[in-house]
Protein chains: 2
Amino acid sequence: MPPVSLKVLARELNLSVSAVSRALNDRSDIAQHTKDRVRALASKLNYEPNPYASSLRGTKTKTIGIIIPAVHNHFFSLAINGIEEVARENDFHVLISLTHEEPEQEASIIQVLAGGRVDGVLLSTARNSQASTHLNVLRDRGIPVVFFDRVYEDLPTATVTTDDYASGYQATRHLLEAGCRTVAHLTISDTLSIGKRRLQGYVAALQDWGLAYEEELVLQGHANEALNTPLIEALLRKRPEIDGIFASVEMLAMSSYEACRNLGLSIPEDVKVIGFSNLEIASLLNPPLTTITQPAYAIGREAARLLFRAIQENVHLLPADSVELKSELSSRRSTARL
Amino acid sequence: MPPVSLKVLARELNLSVSAVSRALNDRSDIAQHTKDRVRALASKLNYEPNPYASSLRGTKTKTIGIIIPAVHNHFFSLAINGIEEVARENDFHVLISLTHEEPEQEASIIQVLAGGRVDGVLLSTARNSQASTHLNVLRDRGIPVVFFDRVYEDLPTATVTTDDYASGYQATRHLLEAGCRTVAHLTISDTLSIGKRRLQGYVAALQDWGLAYEEELVLQGHANEALNTPLIEALLRKRPEIDGIFASVEMLAMSSYEACRNLGLSIPEDVKVIGFSNLEIASLLNPPLTTITQPAYAIGREAARLLFRAIQENVHLLPADSVELKSELSSRRSTARL
DNA sequence: TTGTATGCGTTATCAT
DNA sequence: ATGATAACGCATACAA
């Protein structure tokens, strides 16, 4: 069955297309009686305005794009939840695209979305994305962007992040206070914004404790998650004095658990582990994992809120509009002082 | 900066709009030389065709819709991964909408998507959705739908599911073989397709063991996840002879762990637990959780593949096109025979 | 209060 | 080989 258009309604009601259009948009220059007739038929026939025709005229697509590395990740799925909710409140739709951590994918997605598919973009960058030139298309088209969590630091727009430096410092201090003297740091990328900041916090904490920073103790995880456990095992074998692990992402904390299990190392007796994580069930792990939890849902909401300000009130987003939220450390048995 | 349109390219090249259009679409009636000129300028100016204008002419939006209860759930996020991948392979976009388990939301989302926003829909129904009449809009508009995991059983279209009855039977048998004699079943809904089938498998297994089915041992979880732990605690207190729990979804298995911990019950000594789950880290739980794992990623891919067959080859999907995949039981310590 | 005409960006059809 | 024109569905400016 062909979709119900204004034309169909107009023919049926012996009205002009424009009269029907205005009736449905509740314009003041249409008789109440006519509005009633039109609305009755529209709902009877399940009329739904073609959003693409509207956007072709105006240039609001009522759609925002989310570009993230993966959805299969507690942090991102919680963030999406927050974003989707705000979008719904604003009567917008959400287009989701995954980069799978590949900068080229990220660039191509942006290029396509910029072609008029969305009114705004929420972006958390791929692990190895470096130059931000592929974002120029968005700027040129006047499509606002808000970064969340993983940001490009040199871009003149708003970001929503957490206090990664402070959290990195705090996590490391937590291990040192628990008695660790040789703390390894597992990161996903030392060029990525969050990777850099968390690492800086780690380094600063070591310094304050009078401990030397050793590059060898910093392990960069592999994109292929299956490879991380053996990498960590190798590190623990090479440096058996390691008594603490600070994992900058959930996945690396889990790989650390597996590595310790495979090597017969006990947590927290032999090695203490702390990790960034949004696992609700951290307390059900063996042993319960000490976590730094980011307010993922709030981050999503906040980022979306900023984006809608830009879209609907037509304000230009500036770095000064950026928001920083706090993460929370939950101490559990994986870092217990013995 | 205004977006680059065909008109802009045409003016710049002293060509007609239609010539430019055909050049970009690589039509045979355009001189190679001209094609080259056009393509060069297009890529120089980052020309991107306006997808909404194309879809207005044709009626392919190059977009599919995913409608699911939540994204914050391992099963669904893995499925999305599979779907997004197939969509990308077909050069399609993915619109994602969450029902938050509310049938009204589901209906309203469908109504809106049917208004020409997507070329096809992948749907996993909300927990309490009953009537499927809100899907008629899609049928009327000729928009194909593929259900995955949670399906409407009375609908003449294809579904992608797992062998839920067999899995329910197998899970229950697993507990009985481990020595359990009073097995509770935790479900999210006994009207939902997957809930019904898993329950039927549970009932059949009890029967084959000569055990009576007791309605009291079947607990329906609450949509508000926080309420489930106390509900399970209450059940365990009321029926202290319960020595096995079969949780039909991951969340309820986790709540069972918490309930047991709160009551001081040991797993698997006092109570054995098995649950449907896509937690990669089930083996890191305390104790490691015996799981029935659905091939979530494959389900997503398969559902998307079917949908694209319908969209691109214009075939009408029938129940006979449905696919059933197998889940896998991984036995771990939570159901160890002692 | 309602109708007519126009244009958004694209593509198909029919000229030239 | 290229150009002119019309149409998709909608919303606006203007006419009646």
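Order of the sequence lines fixes the chain letters, A, B, ..., with proteins taken first and strands second; residue numbering starts at 1 for each chain.
- No side-chain donor-acceptor contact under 3.5 Å links A:Arg22 and A:Asn25.
- Taking atom CG of residue A:Leu6 and atom C1' of nucleotide C:dG7, one finds them 16 Å apart after rounding to whole Å.
- Sorted by first and then second residue, the ring-ring contact (aromatic ring centres under 6.0 Å, His included) pairs involving residues 127-146 of chain A (not counting sequence neighbours) are A:His134-A:Tyr152.
- Scanning residues 36-45 of chain A for heavy-atom distances under 4.0 Å to DNA chain D yields an empty list.
- Rounded to an integer number of Å, the gap from CG of B:Asp26 to P of D:dA1 is 13 Å.
- Residues meeting the salt bridge (charged side-chain N to carboxylate O under 4.0 Å, His left out) test with A:Glu153, sequence neighbours left out: A:Lys196, A:Arg197.
- Applying the side-chain contact (heavy atoms from CB on, under 4.5 Å) criterion to A:Ala87, with sequence neighbours excluded, gives A:Ile64, A:Phe92, A:Val94, A:Phe308.
- Per the geometry, NZ belonging to B:Lys7 stands 8 Å off P belonging to C:dG7, to the nearest Å.
- Aromatic rings of A:His74 and B:His74 (six-membered ring for Trp) have centroids within the 6.0 Å cut-off, being under it.
- A side-chain N or O of A:Thr63 and one of B:Arg117 form a donor-acceptor pair less than 3.5 Å apart.
- Using a 4.0 Å cut-off, no side-chain N or O of A:Tyr47 falls inside it from OP1 or OP2 of D:dG9.
- The shortest side-chain heavy-atom distance between B:Asp149 and B:Ile194 falls under the 4.5 Å cut-off.
- Across the protein-nucleic acid pair, B:Leu56 atom CG and C:dG7 atom C1' stand 12 Å apart, rounded to whole Å.
- Taking a cutoff of 4.0 Å between a charged side-chain nitrogen and a carboxylate oxygen, A:Arg141 and A:Asp119 do not qualify as a salt bridge.
- Atom CZ in B:Arg11 sits about 15 Å away from atom P in D:dG3, given to the nearest Å.
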Shorter than 3.5 Å, N or O on both sides, protein versus nucleotides 2-6 of chain C: list them out with atom names.
unit_1 : atom_1 : unit_2  : atom_2 : d
C:dT2  : OP1    : A:Thr34 : OG1    : 2.8
C:dT2  : OP2    : A:Ala31 : N      : 3.0
C:dT2  : OP2    : A:Thr34 : OG1    : 3.1
C:dG3  : OP2    : A:Ser16 : N      : 2.8
C:dG3  : OP2    : A:Ser16 : OG     : 2.9
C:dG3  : N7     : A:Arg22 : NH2    : 2.8
C:dG3  : O6     : A:Arg22 : NH1    : 3.0
C:dG3  : O6     : A:Arg22 : NH2    : 3.2
C:dT4  : O4     : A:Ser18 : OG     : 2.9

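- For the residue pair A:Ser77/B:Ser77, the side-chain donor-acceptor check at 3.5 Å is not satisfied.
- Here A:Ser5 lies in heavy-atom contact (under 4.0 Å) with sugar-phosphate atoms only.
- Taking atom CG of residue A:Asn25 and atom C1' of nucleotide D:dA13, one finds them 15 Å apart after rounding to whole Å.
- Listed pair B:Arg27 / C:dA12 meets the phosphate criterion, a side-chain N or O lying under 4.0 Å from OP1 or OP2.
- Comparing C:dG9, D:dG9, D:dT12 against the side chain of A:Ser21 picks out D:dT12 as the nearest.
- Direction of the helix axis in the helix from C:dT1-D:dA16 to C:dT16-D:dA1 shifts by 50° between the two five-pair termini, rounded to 10°.
- For the pair A:Glu302 and A:Arg305, the salt-bridge criterion is met [side-chain N within less than 4.0 Å of a carboxylate O].
- When side chains are defined from C-beta on, A:Leu24 counts as touching A:Tyr47, because their heavy atoms get closer than 4.5 Å.
- Here C:dC8 presents its C1' atom at 15 Å from OH of B:Tyr52, a figure rounded to the nearest Å.
- Between B:Arg127 and B:Glu106, no side-chain nitrogen of the basic residue sits less than 4.0 Å from a carboxylate oxygen of the acidic one, so the salt-bridge criterion is not met.
- D:dC8 atom C1' lies 12 Å from atom NZ of B:Lys60, rounded to whole Å.
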